[in-house]
Amino acid sequence: MPSLGASFGRGAATTPQWDLANADCIVVMGSNMAENHPIAFRFALQAKEKNGATLIHVDPRFTRTSALADLYAPVRAGSDIAFLGGIIRYILEGDHYFKEYVLNYSNAATILEEGYQDTEDLDGLFSGFVSSEKAYDGTTWQYRGMDVPAAFSEHFTHHGDSGLSPDEQNVRAKEIQHRPPTTDPTLQDPRCVFQVLKRHYARYTPEEVERVSGCPRETFLAVCEALVRNSGRERTTAWCYAVGWTHHTTGVQMIRAAAIVQTLLGNIGRPGGGILALRGHASIQGSTDIPTLYNLLPGYLTQPSAQKRHATLAEYLAAETAPTGWWHNYPKYVVSLLRAWYGDAAAETNDWRYDWLPKIVGDHSQLPMTLAMQDGSIKGLLLMGQNPAVGGHNTPVVRKGLANLEWLVVREVFESESASFWYRSPEVERGELRTRDIGTEIFLLPAALPGEKEGTFTNTHRLIQWHDQVVDPPGDCRSETWFFYHLGKRLKALYEDSTDPRDAALRHLTWDYPTKGQREEPDVETILREINGYTWPGRHQIADFKDLKDDGSTAAGCWIYTGVFPEDGHNTTRDRVADGPEGPGSHLGWAFAWPSNRRLMYNRASADPAGKPWSERKRYLWWDARAARWVGKDNPDFPADRPPDFEPDWTRAPLTGMDAHDGRSPFMMAGDGKAWLFAPSGLKDGPLPTHYEPKESPVRNPLYGQQDNPAIKTWDRPDNPYHAIGDPAYPYVITTYRLTEHHAGGIPTRFVPTTAELQPEGFLELSPELGAQLGITTGDPVVVSTARGSIESKALVTDRMQPLQVAGHTVHQVGMPWHFGWQGYATGDVANTLTSIVGDPNSSIHEGKAFTCNVRKGRLDQAPAQS
Amino acid sequence: MPTEKHGVGRPLGERVRGALRDWSVPRQVRGQDAERAAAESEGSRRLRPRLEEADRVGTSICPYCAVGCGQLVYARGNQVIAIEGDPRNPINQGTLCPKGSATFGWMQNPNRLTTVKYRAPFSDHWEERPLTWAMEQIAQRIKKTRDATFVKTIEDGVPVNHTTGIAELGGATLDNEENYLIKKLLAGGLGMIWIENQARI
Amino acid sequence: MSTPVWPEFVPERGRALGSDALSGPIIDEAELTAGVRVEAGQTYGFLTDTTLCIGCKACEVACKEWNALPAEEPFVMTGNSYDNTSQLSATTWRHVAFVEKLVQAGAHERASATHGSAFQSGWLMMSDVCKHCTHAGCLEACPTGALFRTEFDTVVVQADICNGCGYCVPACPFGVVALDSNDGKAHKCTLCYDRLKGGFEPACAKACPTNSIQFGPLPDLHARANERVASLRQRHGVADAYLYGVQGADGGQGTTGGIGDLQAFFVLTDQPEVYNLPSAPSLPSRRVRPGLLAGLATMAGVAIAAAVVFAAGSERP
């Protein structure tokens, strides 16, 4: 999650879910929380009960979340930054920002480079845009005289075409070790972040918000008023988002915009505040922390790339190690990882076998993966509990890609669409693919479930919880641990006699996990101990990542998880002591949260610059002068003994790491220790969120000449066509979503009778106005089309969908849940047949939440009626 | 239907015998309240929650979304008999959403795959195969494709040591330890770079 | 004692249970989940507070998973908002009704869309269930004693006695009891009779994410409900909130016809009919009153039939 990483330092929810109960106002935007995270929504209702909190829902659809909200603001899908930009303007123009917080804890006062030009100057572009590459060079976005890397894996992304030599860049990057960034504490300098922000958002007036988003200005202003009324010393507001924000070509900047709002209002690092990313799979946070992702190594270390200065370990460390802040410890985590993976084969003399790590050569995410399967460059696919034939994008291409593989391994609980595409897909039904022509060799292996296997999940607020094995899995069902452990054993055996250097990594990979029982299930706690880290070669558990070393004396599989197994016999993910009603409510004795069991991140900001709570009501962490420590309800996310008045000793410069931060810099992962209102590094589409239209939109961008995200990732090819702006063939905005009754690609809920009956078929939601226009009533068969494909569904006409007035046009929005497919009891056509392969430049996430389509009454096999 | 209907399969004779034994009129005549104790059947007298039959109760975490609700898994022998919310867990305090409440129906589901299915190239049917056979075949396919597609350096001599011929997709539904082994073996051991999960979906 | 609306964690119990391994079920688990120790001789019920309902249907699923009830077939969408189970039946003992009322009758504007009520508004959702009436028509109509009042004052059909005569079906003013086409017997919510005997909260109330369904002793629930309605009206500005199923609750709106208190009662914000509840449920025993004599007559008939079956049965190998 680059947006939260670029804003605060770590790409994860800032606050635990239960802390929502401490909020005075909760904004749910880009999320249908009551439906998709009902248990988290408990805490929102508790806040209403306890504090009389105001609950706000901003969404294109009136959902079960809206039904419980005090205030519902309808918006056009994809117009979120216009709405959020309007809030930022309201806060700045009305002087509603939390001055002491903003001045001390954000980069508001920091002076930018002279060369910086804003979208106000360039009609929707920032300075540094290289149109031939559809990419930015961010040299001019930097702080005056220095480059500060972003605090997540894309530390430096802006110098591809800057004309600066590596040495010149190095000097600029090291400048922050010699002095703090130049600031204007009066916030008056026209080049300080505060003034730049004010100017950037000046045009996001309530009138423009209404014109772009379709949200009536009174409603928009009611949201703004509730926000500022419920923020400050005494009160806090929390924000919740989910894939309603990430599934856009501007998704990262939507979240960034919320980060700016929350920073201006002083709501980060404080109880009842924060930004809660609500994620949708049991360990989706865990699979980002310990990434089954192409561009990361465990603990948010950067996967080496042939396109960066990563050729050798020295170059890699030089490029990736932050000069200041906590990330200065980068080499310790890399060397500890290499030691964990390659054991005694790794040595200082061979760069800890850095060259054994494969280097990426571009974007290897799911969208291009889909096309690479279709084009035949990917020959074999291992599919682990994911169902891309339903959940992928432009799924006709996905299914044809699966049909083009040489071999496919599917590990699932049920026979999913991705396993059965070769005889039951719409392409086979229509004769576009013939079973006898599909050469894909398929191995469908049955998987075990929690309860049948043990291990840990990391939840949406970084809480790592253990689940027991209670019974043996049935038949040949096995855990993924079993599958990969034994696969690794077999592969090692196949390569046993190889002397080819390219096989050395596999042959030396540490893989000595003890097994138990007849099935030879590997011992999961042994793997967790390795993830936690231990000394090498003694294998004594390490209690905290501050004890990891870059000299090969420690091994750790994921440095941010150090503490999950701090000593022999203590698996902290099994701790089960929750706080009672009189307790602090941070539940420090319940399981383990990374980093170092801190529950509310950046919690130094819950105290004022002098270290005192901002108010009694919002007391959380404070400086105890007598004990000379930070104390309170949580573990400090800050050096525990650093006093508030600590100043770096610049006379001893260069200062590295945390030595360069003062006692009032709560965002320790960032180079300057501050929350980034303005992001000088890390983001590929600009330092400030700016409203761009979705790739497919019914209107021209009402705010700028620049239509869509200038750095957007597109794959424009015959099997992945896009609609033109305002294309009359595809006049309606469509959004796709989940229902509370089903899960993701529909595995397993479409197979479980008790959930399948609750939403037994796919459907299309549309407004009565559009229904009347098209002669459609509830229950009618309808055909929904895009240039990618057409599907049939059933109409559900509802007042919950409403047309909006956007820039003088009436925009009709329709919606479809994307859970359905042809397998199981609850069935329906695959909604993702309609979506395209298009991506956010930072995250390569698709735009399933806002695109255009056509709708007609009738059956798919009937020609459209002539009108 | 996969879930068993209540009462089905009990022979009629037995049912009538029970009805006669439990017929309340004689007890009403003895002076018990017609609507209360007098009407209590043998079945009601013996009734206990099946949770009490569990010989093991494990702590689990809901396998659906990322909220992280605690679950208790009740088992007797090697059979799960119920899955409910864990009242100790500060996130859900015993509650569960509709999906979480259906975890038992997921685990104990007659449609679950329990054997390896194999589809040969161009075939029109599944074949059941032994697990060990499938494991060996998969290892061989991976080796063959890897060996055919491995790249040590790209054109300008930059070492990459990778294969772009094999991809892995999925991980967000899996345990941390499972994700760790996937990344370690596939990237750290085999040099695969197409490794992705649901985080972008 | 009034239990708080949000059941707080019981600290001592939590600590005592503070390890991940349990040797068996938690004793008196309802104390942790509902703040209630379940004891025979008390009157238990449900308070279903629609203002907290998010329509998630966890109650429907938890009920079916616990009671091993089958899904309603065929798997076809009804088109009636998000309601696809339609009604309480022999195999659906909790049912969530959905009422979309974004546009008031006669109006064109989506009146409530922007400024909702402090709790549920615009889209009403209500989890319906057997009312476990104080004067239960079904129980009075039952000729066999299959329906009886348990030691928890709840009304339960005993499947081992029920002969499927169906008298209870029209006797219920709420259309709750139904015969199952599969086994021919009457079925309905038991208020998880088995669970109560073991000290567990009923499955629906335990699962309910938002505490819309609360379980407890009826006097406690009444106290809590009165407090809730007062709070909704005074603190949260929900003037329409009232109790349905509490005899003589304020203004008469909460009256229950002639049938006294409903042990499963509701906080509503619109007219009962909107939720498909009768505005004045009538005592049905005047329509169907078999009583003791009718019971004797029925059982005599059954006994004769049974004798035949016995004879036939005993001859089989």
Side-chain angles (χ1 to χ4, degrees), chain A residues 38-40 279 281-282 284 286-288 290 292 306 341 358-360 364 366 378-382 384-386 407 435 439 441-444 446 450-451 455-457 459-460 465 467-468 470-471 474-476 480-481 484 488 490-491 494 506 509 524 527 578 587 743 748 751-752 754-755 845, chain B residues 58-61 63-69 73 75 78 90 92 97 102 105-107 111 113-115 117 119 121-122 124 131 134 139 141 143 145 158 160-162 165-182 185 188-189 191 193-200:
Chain A
I39 306 296
R279 311 196 68 183
H281 295 83
I284 195 158
S287 67
T288 314
I290 298 175
T292 36
W341 283 12
K359 290 191 185 62
I360 57 174
H364 307 286
Q366 190 178 339
I378 292 175
K379 318 281 184 200
L381 174 66
L382 299 158
M384 303 291 137
Q386 191 170 342
W407 54 266
T435 300
E441 184 181 29
I442 306 173
F443 303 87
L444 175 56
T456 59
F457 282 147
N459 86 345
T460 204
Q465 300 182 99
H467 60 79
D468 293 334
V470 187
V471 296
D476 286 339
E480 257 48 49
T481 312
F484 280 100
R490 284 174 192 274
L491 283 162
L494 289 176
L506 178 67
L509 195 71
V524 176
I527 303 170
H587 305 293
H743 184 59
F751 288 83
V752 178
T754 50
T755 44
I845 295 180
Chain B
T59 297
S60 196
I61 303 300
Y64 286 91
C65 84
V67 168
C69 297
V73 177
N78 199 35
N92 59 317
C97 80
W106 178 4
M107 194 182 248
N111 300 304
L113 297 165
T114 56
T115 56
K117 288 181 168 190
R119 187 253 177 185
F122 312 109
D124 64 357
L131 180 59
R141 295 303 176 284
K143 180 171 192 302
T145 308
V158 177
V160 290
N161 285 319
H162 72 206
I166 314 173
E168 186 278 339
L169 188 60
T173 65
L174 309 178
D175 295 346
N176 291 313
E177 297 77 12
E178 297 178 324
N179 277 282
Y180 182 71
L181 291 195
I182 294 174
L185 177 67
I193 51 176
W194 289 109
I195 296 175
E196 276 288 283
N197 67 36
Q198 295 91 326
R200 292 179 226 268

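All figures in this text were calculated on a predicted structure; none of them were measured in a lab. Order of the sequence lines fixes the chain letters, A, B, ..., with proteins taken first and strands second; residue numbering starts at 1 for each chain.
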Nearest heavy atoms of [X] and [Y], plus distance in Å:
X: A/Ile284; Y: B/Ala66; result: CG2-CB, 4.2 Å
X: A/Ala306; Y: B/Val160; result: CB-CG1, 3.7 Å
X: B/Ala102; Y: A/Thr755; result: CB-CG2, 3.7 Å
X: A/Trp407; Y: B/Ile166; result: CH2-CG2, 3.6 Å
X: A/Lys359; Y: B/Ile193; result: O-CG2, 3.8 Å
X: A/Gly439; Y: B/Pro121; result: O-CB, 3.2 Å

A/Ser287/B/Asn179 under side-chain hydrogen bond (donor to acceptor under 3.5 Å, both in side chains): CA gap, chis, key distance, verdict: CA-CA 6 Å; A/Ser287 67; B/Asn179 277 282; 4.7 Å; no
Residues that B/Thr173 engages under side-chain contact (heavy atoms from CB on, under 4.5 Å), provided they are two or more places apart: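 Checked B/Thr173 against side-chain contact (heavy atoms from CB on, under 4.5 Å); matches are A/His281, B/Gln198.
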CD-OG1 distance between B/Glu178 and A/Thr481, expressed to the nearest 0.5 angstrom: 4.0 Å
Rounded distance (nearest 0.5 Å) linking atom CG of B/Asn197 with atom OG1 of A/Thr288: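 Going from CG on B/Asn197 over to OG1 on A/Thr288, the span is 6.0 Å.
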Taking every heavy-atom pair that is under 4.5 Å apart, which of [options] has the most such pairs with chain B?
options: A/Gly475, A/Pro38, A/Pro748; value: A/Pro748
options: A/Ile378, A/Leu491, A/Ile845; value: A/Ile378
options: A/Arg490, A/Met384, A/Lys379; value: A/Arg490
options: A/Gly385, A/Gly451, A/Pro358; value: A/Pro358
options: A/Leu494, A/Val524, A/Ile360; value: A/Leu494

[Y] side chain reached by [X] side chain, heavy atoms, under 4.5 Å:
X: B/Arg141; Y: A/Glu441; answer: yes
X: A/Leu506; Y: B/Leu185; answer: yes
X: B/Val73; Y: A/His467; answer: no
X: B/Glu168; Y: A/Thr292; answer: yes
X: A/Ile527; Y: B/Leu181; answer: yes

Option in B/Ala167, B/Gly68, B/Gly170 with maximal non-hydrogen atom pairs under 4.5 Å from chain A: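 Greatest number of close heavy-atom pairs with chain A: B/Ala167.
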Under the ring pair (Phe, Tyr, Trp, His ring centres under 6.0 Å) test, residues paired with A/Phe484 that sit two or more places apart: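 In terms of ring pair (Phe, Tyr, Trp, His ring centres under 6.0 Å), with neighbours along the sequence ignored, A/Phe484 is linked to no residue.
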Atom group of B/Val158 that falls short of 4.5 Å from chain A, counting heavy atoms: side chain
Interface moiety of A/His743 toward chain B, non-hydrogen atoms closer than 4.5 Å: both
Side chain to side chain contact (heavy atoms under 4.5 Å, CB included) evaluation trace for B/Asn176 with A/Phe457: CA-CA 6 Å; B/Asn176 291 313; A/Phe457 282 147; 5.6 Å; no
Residues A/Thr456, B/Glu177; criterion side chain to side chain contact (heavy atoms under 4.5 Å, CB included); working and verdict: CA-CA 7 Å; A/Thr456 59; B/Glu177 297 77 12; 2.7 Å; yes
